[in-house]
Amino acid sequence: MRTKIKDILNSESLDYTVNIKGWVRSFRNNQFIALNDGSTIHNIQIVINPEQADEAVLKNIQTGASMNINGKVIASQGKGQRVEIVAENFEVLGTCNPEEFPLQAKNRPSLEYLREIAHLRFRTNVFGAVFRVRHSIAYAIHKFFNDKGFVYLHTPIVTASDAEGAGEMFRVTTLPFDNPPRLENGEIDFTEDFFGKSTNLTVSGQLEAELAAMSFGEVYTFGPTFRAENSNTTRHLAEFWMVEPEVAFNDLKDNMNLAEEFIQYIIRYVLEHNMDDLQFLEERLANEEKQKPANERSEMSLLEKLNFVINNQFERITYTEAIDILLQSKPYQKKQFKYDVSWGIDLQSEHERFLVEKHFKKPVIVTDYPKDIKAFYMRQNDDGKTVAAMDILAPGIGEIVGGSQREERLELLEKRMEEMDIPTEEMYWYLDSRRFGTAPHAGFGLGFERMVLFITGMTNIRDVIPFPRTPKNAAF
RNA sequence: UCUUCCUUAGCUCAGUUGGUUAGAGCACCUGACUGUUAAUCAGGGGGUCGCUGGUUCAAGUCCAGCAGGGAGAGCCA
């Protein structure tokens with residue numbers, strides 16, 4: 001029966017026999033193996049007697065090799081660790097040629113290089129920590145909603161809905177791309193396609209979630225999402241995971257409260273369950289920041305930032321107030337913004353960063369945006385100019401949540417769809433939810449990887465998903 | 001897609017105003033040592049300087065194109 005390294009390190013007991021299996025991180029002095037099994041960021045030290053070992057076996061104890069070890073857990077005879085394992089017998093299960101294996105203990109591979117060997121990068125401390133934390137965040141999301149009585153809804157990955165306008169879509173088809181069937185006017189005949197119509201990968205499960213919310217009251221989705229945008233940034237992926245709660249009878253304020261509670265819950269959960277990994281990631285971030293000029297370094301360490309977010313309420317301002325703050329800001333008056341500020345503009349990155357990182361220095365919820373820069377389904381406010389939208393902006397990440405109260409009034413929704421050229425006939429199923437027992441409701445979407453970025457302090461979204469899909473890259 | 005920067009050994013990087021045989025640290029290999037902590041010490045091997053073309057007596061170095069990557073912007077989560 002295999003014992004996990006995490007359990008040995010967490011246990012107070014000594015002088016018991018264990019079997020452990022894992023991968024060699026380093027082999028020192030022909031005698032000391034640092035072994036890691038992924039259960040924790042920490043290694044355990046295995047002490048072997050080189051005189052008892054076959055020389056051929058000894059030679060195979062190389063960085064990256066997998067081993068099976070039986071031995072006794074004892075108080076460490078040396079300094080640097082509390083316990084160690086004296087091996088009684090051991091074997092190398094899988095060898096690892098050091099001339100070919102790139103992850104050697106003393107190497108300092110860059111994150112960019114590790115991205116090119118994403119199939120091996122799990123075996124590093126950084127990615128071990130990141131993906132254990134990623135797992136915890138995913139689990140915390142399900143636990144949060146489950147404990148509140150939400151129903152987890154699996155919305156379709158292949159959709160025919162082309163209406164939402166959340167971005168460019170990936171087409172799904174079985175038609176031969178070199179010679180597709182065509183109509184008389186030359187257009188491709190999608191009635192011949194697998195689904196009998198043009199289909200794409202989903203860009204959002206929101207519209208389907210709204211339908212289910214009209215029965216269960218509280219639902220959430222958590223699944224892959226695809227955007228075929230040619231986005232090359234540290235915070236965009238072509239394939240990413242999104243969480244979308246949708247709650248009947250909630251208004252915008254309820255929606256904000258839910259989102260804030262949700263984010264704080266996740267952070268609290270990770271602080272409670274992944275402190276070892278967070279401490280390592282905090283150190284990693286501190287080292288990365290040392291490379292930057294002093295004025296670009298963040299004022300808080302990773303753990304300080306996370307504690308700050310759970311201990312302080314998010315700032316809540318309306319779009320109109322945000323514009324006023326920007327107009328009165330130093331960078332605006334000194335003409336340091338690249339983009340002009342006036343009521344009606346979409347906030348640019350530089351504006352969001354000023355509000356979040358300079359002015360409020362904490363997460364900010366901006367509400368009630370002009371209706372012309374937001375989606376058709378958002379509830380129209382009485383002023384006739386704005387909609388009940390809310391975006392949560394996080395330091396270093398930008399928009400981490402986008403949500404709104406939805407337009408539940410059929411006539412107003414139909415009118416807005418017509419204004420925005422959304423085909424109402426095709427969307428009859430969506431409009432039916434407003435025809436039959438419509439109710440006020442609200443929801444939001446949280447970018448899962450952006451949340452992982454925020455919590456781990458990593459700076460590139462490609463380093464918080466196992467195998468990133470970005471323009472020109474679908475390796476592994 | 002736009003702007004900008006980068007590409008030299010397995011990894012991280014030097015390489016001067018263009019000038020002989022392109023360097024360092026680590027990794028790797030060989031040997032020594034054996035309570036080490038990114039073990040240490042001595043020795044050794046390792047390069048189509050991203051690719052293609054151009055300028056020049058001479059190109060890692062200058063110019064152009066292409067490819068890949070980073071950062072920022074747009075779009076958004």
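Numbers restart at 1 for each chain; the letters A, B, ... are given by sequence-line order, proteins then strands. Quick caveat, the model's predicted, so the values are computed rather than measured.
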What is the nucleic acid contact for Val243(A), judged by heavy atoms within less than 4.0 Å: base, sugar-phosphate only, or nothing? nothing

In terms of relative ring orientation, are Phe354(A) and Phe337(A) parallel, tilted or perpendicular, with 30° and 60° separating the classes? perpendicular

Any idea how Phe376(A) and Tyr430(A) line up, ring-wise: parallel (<30°), tilted (30 to 60°), or perpendicular (>60°)? perpendicular

Counting only non-hydrogen atoms, which of residues 262-270 of chain A are less than 4.0 Å from RNA chain B? none

Checking only heavy atoms, does the side chain of Gln81(A) share a donor-acceptor pair with the base of U36(B) at less than 3.5 Å? yes

Within the modelled atom types, does a donor on one side and an acceptor on the other bring the side chain of Gln45(A) and the base of U36(B) under 3.5 Å apart? yes

Test side-chain hydrogen bond (donor to acceptor under 3.5 Å, both in side chains), reference Tyr377(A), set Arg406(A), Gln206(A), Glu210(A), output is Gln206(A)

Identify whether any heavy atom of Glu51(A) sits under 4.0 Å from a base atom; if not, whether one sits that close to sugar-phosphate; answer base, sugar-phosphate or nothing. nothing

Once hydrogens and angles are ignored, does a donor-acceptor distance under 3.5 Å link the base of C75(B) to the side chain of Ser231(A)? yes

Could you write out each protein N or O paired with an N or O of nucleotides 69-72 of chain B at a distance under 3.5 Å?
residue: G70(B); atom: OP1; partner: Arg115(A); partner atom: NH1; Å: 2.7
residue: G70(B); atom: OP1; partner: Arg462(A); partner atom: NH1; Å: 2.6
residue: G70(B); atom: OP2; partner: Arg462(A); partner atom: NH1; Å: 2.9
residue: A71(B); atom: OP1; partner: Asn460(A); partner atom: ND2; Å: 3.0
residue: A71(B); atom: OP2; partner: Asn460(A); partner atom: ND2; Å: 3.2
residue: G72(B); atom: OP2; partner: Thr234(A); partner atom: OG1; Å: 3.3

Among residues 443-453 of chain A, which ones have heavy-atom contacts with RNA chain B below 4.0 Å? Gly445(A), Gly447(A), Arg450(A)

Counting only heavy atoms and a strict 4.0 angstrom limit, can you tell me which residues of residues 28-39 of chain A come near RNA chain B? Arg28(A), Asn29(A), Asn30(A), Gln31(A), Phe32(A)

Describe, in one word, how the ring planes of Phe150(A) and Phe145(A) are oriented to each other, choosing from parallel (under 30°), tilted (30 to 60°) and perpendicular (over 60°). tilted

Distance-only polar pair, side chains of Glu91(A) and Asn68(A), donor-acceptor under 3.5 Å: yes

Whole-Å gap separating C1' (A73(B)) and CG (Asp346(A)): 14 Å

For a side-chain hydrogen bond (donor to acceptor under 3.5 Å, both in side chains) with Asn125(A), tell me which candidate from Arg284(A), Glu283(A), Arg25(A) qualifies. Arg25(A)

For RNA chain B, what is the dot-bracket line, given that a base pair needs Watson-Crick (N1 to N3, plus N6-O4 or O6-N4) or G-U wobble (N1-O2 and O6-N3) geometry with both distances under 3.5 Å, and | means paired with another strand? (((((((..((((.....[...)))).(((((.......))))).....(((((..]....))))))))))))....

When the C1' atoms of G18(B) and C26(B) are considered, how many whole Å apart are they? 31 Å

When rounded to the nearest 0.5 angstrom, what is the spacing between CG in Leu103(A) and CG in Leu120(A)? 6.0 Å

Write down the distance separating the C1' atoms in G25(B) and G69(B), rounded off to the nearest Å. 24 Å

Salt-bridge criterion met for Arg115(A) and Asp463(A) (N-O under 4.0 Å): yes

Only residue of Thr320(A), Asn381(A), Thr386(A) satisfying side-chain hydrogen bond (donor to acceptor under 3.5 Å, both in side chains) with Asp368(A) is Asn381(A)

Could you check whether any side-chain N or O of Glu315(A) sits under 3.5 Å from a backbone N or O of Gln313(A), counting only pairs where one atom can act as donor and the other as acceptor? no

Which of parallel (below 30°), tilted (30 to 60°) and perpendicular (above 60°) describes Tyr339(A) and His351(A)? perpendicular

Round to a whole Å and report the spacing from CG of Leu237(A) to P of A77(B). 14 Å

What distance separates Asn97(A) CG from Asn60(A) CG, expressed to the nearest 0.5 Å? 10.0 Å

Sequence neighbours excluded - salt bridge (charged side-chain N to carboxylate O under 4.0 Å, His left out) pairs with any residue from residues 252-264 of chain A: Lys148(A)-Glu261(A), Glu260(A)-Arg316(A)

Remember a base hit wins even if backbone is also touched, and classify Tyr339(A) as base, sugar-phosphate or nothing at under 4.0 Å, heavy atoms. sugar-phosphate

May I have all residue pairs that pass salt bridge (charged side-chain N to carboxylate O under 4.0 Å, His left out) and include part of residues 448-460 of chain A, sequence neighbours excluded? Arg134(A)-Glu449(A)

Mind checking the P distance from G70(B) to C28(B)? Whole angstroms is fine. 28 Å

Is there any salt bridge (charged side-chain N to carboxylate O under 4.0 Å, His left out) pair reaching into residues 51-72 of chain A, and which pairs are they, with sequence neighbours excluded? none

Counting heavy atoms from C-beta on, name the nucleotide in A77(B), U12(B), G35(B) closest to the side chain of Ser110(A). U12(B)

Distance check, C1' atoms only: A32(B) and A39(B), in whole angstrom units. 14 Å

Measuring only the P atom in each nucleotide, how far is U34(B) from A9(B)? A whole number of Å is fine. 38 Å

Determine the interatomic distance between P on G44(B) and the same-named atom on G54(B); round to the nearest Å. 41 Å

Should Gln348(A) be listed as having a side-chain N or O under 4.0 Å from OP1 or OP2 of G74(B)? yes

Between protein and nucleotides 47-52 of chain B, what N or O pairs are separated by less than 3.5 Å?
none

Got a sec, which pairs hit side chain to side chain donor-acceptor pair (under 3.5 Å) with one end in residues 355-364 of chain A, sequence neighbours left out? none

Which is true for Ser76(A) with a 4.0 Å heavy-atom rule: it touches a base, it touches only sugar-phosphate, or it touches nothing? base

What is the distance, rounded to the nearest whole Å, between atom CD1 of Ile61(A) and atom P of U36(B)? 19 Å

Inter-nucleotide C1' distance (A27(B), C11(B)), Å rounded: 7 Å

Return the set of residues passing side-chain contact (heavy atoms from CB on, under 4.5 Å) with Phe122(A) (not counting sequence neighbours), or none when no residue passes. Phe131(A), Pro466(A), Phe467(A)

When you check the gap from the basic side-chain N to the acidic O, do Glu419(A) and Arg416(A) get nearer than 4.0 Å? yes

Answer yes when Arg379(A) and Asp251(A) have at least one side-chain N-carboxylate O distance shorter than 4.0 Å, and no when they do not. no

Separation between OG (Ser198(A)) and CE (Met169(A)), nearest 0.5 Å, reads 8.5 Å

Tabulate atom names and distances for all N/O pairs under 3.5 angstrom spanning the protein and nucleotides 23-30 of chain B.
residue: C26(B); atom: O2'; partner: Lys106(A); partner atom: O; Å: 3.2
residue: A27(B); atom: OP1; partner: Lys106(A); partner atom: NZ; Å: 2.9
residue: A27(B); atom: O4'; partner: Asn107(A); partner atom: OD1; Å: 3.3

Geometric class of the His154(A)/Tyr152(A) ring pair [parallel <30°, tilted 30-60°, perpendicular >60°]: perpendicular

Distance, P atom - from U3(B) to G15(B), rounded to whole angstrom: 28 Å

Mind checking Glu399(A) for me? I need base, sugar-phosphate or nothing, with any heavy atom below 4.0 Å counting as a touch. sugar-phosphate

Side-chain donor-acceptor contact under 3.5 Å, Asn250(A) with Asn255(A): no

